[in-house]
Amino acid sequence: MNRPPLDSIRNIGIISHIDAGKTTVSERILFYSGETHRMGEVHDGEAFMDWMPQEQERGITITSSATPCRWGDYWINLIDTPGHIDFTIEVERSLRVLDGAIAIFSAVEGVQPQSESVWRQADRYRVPRICFINKLDRIGANLDATLEQLERKLQARPVLLQLPIGSEGEFSGVVDLLTMEALAFAETDQGRTVSRGPLPEPLRDAAHAARERLVEAAADCDDTILADFLDGTPVEAARLQSALRRGTIACRLFPVLLGAALRNKGIQPLLDAVGAYLPSPRELPPVTGRRPGSDAEEIIPCDPAAPFCGLAFKVQADEGRKLTYLRIYAGTLHAGAALQNPLRKGFEKAARLFRMHAHKREQIEEAAAGDIVAVAGLKEVLTGDTLCAPGHPVVLAGLAVPEPVVSLA
Ligand code: GDP
């Protein structure tokens with residue numbers, strides 16, 4: 001793999017309540033994007049997250065902290081966010097390094113307390129989100145109730161991009177409200193084929209009403225669409241999408257997609273939406289840091305030509321060696337480069353760089369602003385440390401979350 005173009009990078013995480021389907025969705029994303037070549041089921045211990053033998057033995061799931069995958073023109077880094085409520089501090093830490101998120105809700109259980117707390121954390125860091133309402137195939141699935149809870153419990157403005165075709169066991173596809181086409185997901189090839197067809201007649205009125213609401217939401221983000229909306233002039237899909245994208249990045253609205261991940265339904269449109277609505281690293285305000293010993297804020301430009309600056313957001317042991325996951329905010333890092341760690345007052349060598357795929361590590365020679373890379377060779381770095389180009393010390397203080405204190409008593 002070469003270096004991804006900055007505008008095509010999407011650093012995203014999946015946030016959800018336990019059991020809403022995060023593992024199933026992650027696995028489908030990796031399968032459809034070609035990262036993995038077969039799909040295990042969560043319940044048979046074959047989910048990709050369980051594939052490493054020692055993890056199978058211990059019965060736990062540890063993933064790479066950031067798994068890269070390709071979807072069309074997009075280079076997606078899927079950042080692992082801990083699913084368990086006890087790891088709230090880790091959730092916070094990972095929220096700080098991602099640029100966008102997929103929030104998964106179960107259409108049966110709706111918005112559960114844990115989803116509320118993660119949602120509020122994401123609000124705090126202004127993480128743009130798209131929502132995936134999962135399990136529409138299950139008995140008791142209730143889309144309207146879930147949307148109502150998004151508004152009432154999360155004070156969010158959901159914008160429905162699709163309507164379901166069929167319900168519960170009959171759920172077979174969705175109407176794409178931008179193009180007003182029906183999307184059907186094939187049962188036979190693990191859902192790889194999505195066929196597009198005309199809008200089903202019985203859904204015509206409901207689809208037009210839902211599209212009207214979608215146009216209204218876009219009009220709130222774009223005055224020219226507002227003018228067309230008031231005139232009754234039709235607005236084409238590309239303009240709507242671009243307005244909704246701006247609203248999503250500003251965290252003013254939250255596009256909603258539908259599916260049943262276990263039945264392989266809804267994943268491709270979800271991946272399309274990651275590219276279409278969530279921001280590239282360059283589209284978010286730059287992070288700021290401070291020079292040690294100074295109170296002056298320094299803007300860290302998302303620019304591969306600027307002095308290097310990255311955040312160690314996860315330090316993991318990998319085959320007995322220390323592997324540090326870096327979110328690069330500025331500059332370009334070459335394998336073998338020296339880095340300064342202003343907090344620990346030391347210099348270290350980023351001996352080797354990797355992309356950690358689901359099943360293999362890919363050694364790379366360089367990585368640049370906006371990207372995420374795993375680094376071997378850093379000995380003293382702790383999670384939360386900033387690493388910089390020697391001679392350009394800066395600390396991303398606002399990004400560091402202290403490690404939880406473990407009592408030895
Ligand atoms: P996580 O805890 O959020 O990672 O959720 P999992 O992906 O482990 O899913 C929890 C349970 O729900 C598992 O038994 C899945 O097989 C099941 N599940 C996930 N998605 C769907 C779906 O779309 N439909 C149905 N019927 N079950 C699902």
Side-chain angles (χ1 to χ4, degrees), residues 12-32 35-36 38-51 55-56 58-65 67 78-88 90-91 94-95 101-119 121-122 129-143 145-146 162 164-174 183-187 190-192 194 256-271 273 358:
I12 62 156
I14 299 184
I15 58 178
S16 69
H17 186 94
I18 208 135
D19 247 25
K22 180 171 138 178
T23 311
T24 311
V25 171
S26 309
E27 203 181 65
R28 265 58 179 175
I29 287 179
L30 296 179
F31 179 74
Y32 289 126
E35 264 295 297
T36 54
R38 63 173 187 155
M39 270 192 294
E41 300 299 345
V42 174
H43 52 261
D44 65 11
E46 274 198 354
F48 99 92
M49 297 181 179
D50 293 322
W51 278 359
E55 284 163 22
Q56 246 164 13
R58 284 184 291 170
I60 55 168
T61 56
I62 305 170
T63 65
S64 160
S65 291
T67 308
L78 193 58
I79 300 163
D80 186 41
T81 54
H84 196 275
I85 189 82
D86 287 354
F87 302 138
T88 304
E90 288 203 30
V91 175
S94 50
L95 286 179
I102 301 172
I104 303 183
F105 300 92
S106 157
V108 180
E109 281 87 13
V111 176
Q112 295 164 285
Q114 195 188 330
S115 318
E116 277 187 68
S117 64
V118 183
W119 186 272
Q121 286 170 319
R129 276 147 279 171
I130 55 179
C131 303
F132 183 68
I133 301 188
N134 190 30
K135 303 198 184 184
L136 278 164
D137 61 312
R138 274 192 46 195
I139 293 174
N142 189 335
L143 174 60
T146 309
Q162 302 169 333
I165 302 177
S167 61
E168 300 181 339
E170 304 291 305
F171 173 63
S172 63
V174 295
L183 308 186
F185 307 103
E187 298 279 347
Q190 295 178 305
R192 273 189 186 273
V194 181
V256 176
L257 294 109
L258 310 177
L262 189 65
R263 313 267 168 245
N264 308 312
K265 296 192 195 317
I267 303 296
Q268 292 99 326
L270 177 65
L271 280 163

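As the structure lists them, so they are numbered: ligands from 1, and atoms in each ligand from 1.
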- Message: At less than 4.0 angstrom from any non-hydrogen atom of T24, what atoms of ligand 1 do you find?
- Response: 6 (P), 7 (O), 9 (O), 15 (C), 19 (C)
- Task: Please report the shortest heavy-atom distance between D80 and K22, naming the atom on each side.
- Result: OD1-NZ, 4.4 Å
- Of the side chain and backbone of R138, name the one, both, or neither that has a heavy atom under 4.0 Å from an atom of ligand 1. side chain
- Please state which part of I104 comes within less than 4.0 Å of ligand 1, counting heavy atoms only: side chain, backbone, both or neither. neither
- Task: Answer with side chain, backbone, both or neither: which part of N134 has a heavy atom less than 4.0 angstrom from an atom of ligand 1?
- Result: side chain
- Query: Does any N or O in the side chain of R263 come within less than 3.5 Å of the main-chain N or O of L136, such that one atom is a donor and the other an acceptor?
  - Reply: no
- R28 side-chain N/O to A261 backbone N/O, donor-acceptor pair under 3.5 Å: yes
- Is it the side chain, the backbone, both or neither of A20 that has a heavy atom closer than 4.0 Å to ligand 1? backbone
- How far apart are the C-alpha atoms of T67 and E35, what are their side-chain angles, what is the distance that settles it, and do they pass the side chain to side chain contact (heavy atoms under 4.5 Å, CB included) test? CA-CA 9 Å; T67 308; E35 264 295 297; 3.9 Å; yes
- Message: I need the atoms of ligand 1 closer than 4.0 Å to a non-hydrogen atom of K135, numbered in the order shown.
- Response: 12 (O), 18 (N), 19 (C), 21 (C), 22 (C), 23 (O), 24 (N), 28 (C)
- For H17, take its heavy atoms, then give the atoms of ligand 1 lying under 4.0 Å from any of them. 3 (O)
- Note on the structure: ligand 1 to K22, heavy atom cutoff 4.0 Å, flagged ligand atoms 1 (P), 3 (O), 4 (O), 5 (O), 7 (O)
- Query: Out of S16, A261, G21, who gets a non-hydrogen atom closest to atom 5 (O) of ligand 1?
  - Reply: G21
- Item | From CA spacing to verdict: side chain to side chain contact (heavy atoms under 4.5 Å, CB included), I267, F185 | CA-CA 9 Å; I267 303 296; F185 307 103; over 6 Å; no
- Side chain Q162, main chain V256, donor-acceptor under 3.5 Å: no
- Tell me, with the steps shown, if I12 and L78 meet side chain to side chain contact (heavy atoms under 4.5 Å, CB included). CA-CA 5 Å; I12 62 156; L78 193 58; 4.0 Å; yes
- Message: Any nitrogen or oxygen of I18, side chain or backbone, less than 3.5 Å from one on ligand 1?
- Response: no
